[in-house]
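Only one structure is covered here, and it is reproduced in the block below.
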Amino acid sequence: MEKIIIEILGYISATITTIAFLPQIIKTVKTKSAKDVSMGMFVLFTVGVFLWVVYGFLTWTMPVLIANIVIFCLALTQIILKIKYDKLENKG
């Protein structure tokens, strides 16, 4: 029973931390601006998340693996949006 509770806790925390990225991505898309987003922070964060994916794969810890694959994709999306909208802002 205790193992199930720990597993559920892992999935709940993974879900919440994953969902936390959506408001920033939605705001960036709606405003077509990412000027307040720190590229350095997102690059470092994305590298860290990639390492969590590797860790999750090596330990086969499913909440860590699943959440960090999704977070990696969201963080990479934010980096791409930052590059895209920064270029547009610099042209205009």
Side-chain angles (χ1 to χ4, degrees):
M1 181 72 161
E2 184 178 302
K3 184 173 170 101
I4 292 172
I5 292 172
I6 293 170
E7 190 84 7
I8 290 170
L9 178 64
Y11 280 106
I12 291 171
S13 60
T15 301
I16 291 169
T17 55
T18 301
I19 290 171
F21 277 86
L22 291 176
Q24 182 64 60
I25 291 173
I26 291 168
K27 180 180 178 185
T28 301
V29 170
K30 280 184 177 180
T31 63
K32 295 187 180 9
S33 174
K35 64 182 175 184
D36 293 332
V37 174
S38 168
M39 179 63 90
M41 176 271 186
F42 262 93
V43 168
L44 287 172
F45 181 80
T46 303
V47 170
V49 169
F50 177 77
L51 294 174
W52 275 115
V53 170
V54 172
Y55 171 84
F57 179 75
L58 293 174
T59 62
W60 211 244
T61 309
M62 292 312 289
V64 172
L65 183 60
I66 293 168
N68 284 290
I69 287 171
V70 175
I71 292 170
F72 178 80
C73 293
L74 292 173
L76 196 58
T77 299
Q78 184 62 52
I79 289 171
I80 291 166
L81 291 171
K82 170 89 173 143
I83 292 167
K84 175 184 176 180
Y85 292 133
D86 280 359
K87 283 183 181 179
L88 290 175
E89 287 175 2
N90 289 335
K91 285 183 180 180

Show me the donor-acceptor pairs within less than 3.5 Å that the side chains of residues 35-48 make with the rest of the protein, sequence neighbours left out.
unit_1 : atom_1 : unit_2 : atom_2 : d
Ser38  : OG     : Met41  : N      : 3.2
Thr46  : OG1    : Phe42  : O      : 2.6

Under 3.5 Å, which donor-acceptor pairs do the side chains of residues 12-21 form with other protein atoms, sequence neighbours left out?
unit_1 : atom_1 : unit_2 : atom_2 : d
Ser13  : OG     : Leu9   : O      : 3.1
Ser13  : OG     : Gly10  : O      : 3.0
Thr15  : OG1    : Tyr11  : O      : 2.8
Thr17  : OG1    : Ser13  : O      : 3.0
Thr17  : OG1    : Ala14  : O      : 3.2
Thr18  : OG1    : Ala14  : O      : 2.6

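Listed by first and then second residue, the ring pair (Phe, Tyr, Trp, His ring centres under 6.0 Å) pairs that reach into residues 58-82 are Phe50-Phe72, Phe57-Trp60, sequence neighbours excluded. Screening residues 21-30 for side-chain hydrogen bond (donor to acceptor under 3.5 Å, both in side chains), with sequence neighbours left out, gives Gln24-Thr28, Thr28-Gln78.
Here the side chains of Thr61 and Leu65 are not in contact, with every heavy-atom distance at 4.5 Å or above.
For the pair Glu89 and Ser33, the tightest heavy-atom approach, listed with the atom from each and the gap, is OE2-OG, 2.6 Å. Annotation for Pro63 and Glu7: closest pair CD-OE2, 3.9 Å, computed over non-hydrogen atoms.
Note that CD1 of Ile66 and CD1 of Ile71 are 11.5 Å apart. Values are rounded to the nearest 0.5 Å. Between Leu74 atom CG and Ile25 atom CD1 the span is 4.5 Å, to the nearest 0.5 Å.
Listed by chain and number, the residues in a side-chain hydrogen bond (donor to acceptor under 3.5 Å, both in side chains) with Thr77 amount to none (sequence neighbours excluded).
As a member of the Ile/Leu/Val/Met/Phe/Trp/Tyr network built from side-chain separations under 4.5 Å, Tyr55 groups with Trp52, Val64.
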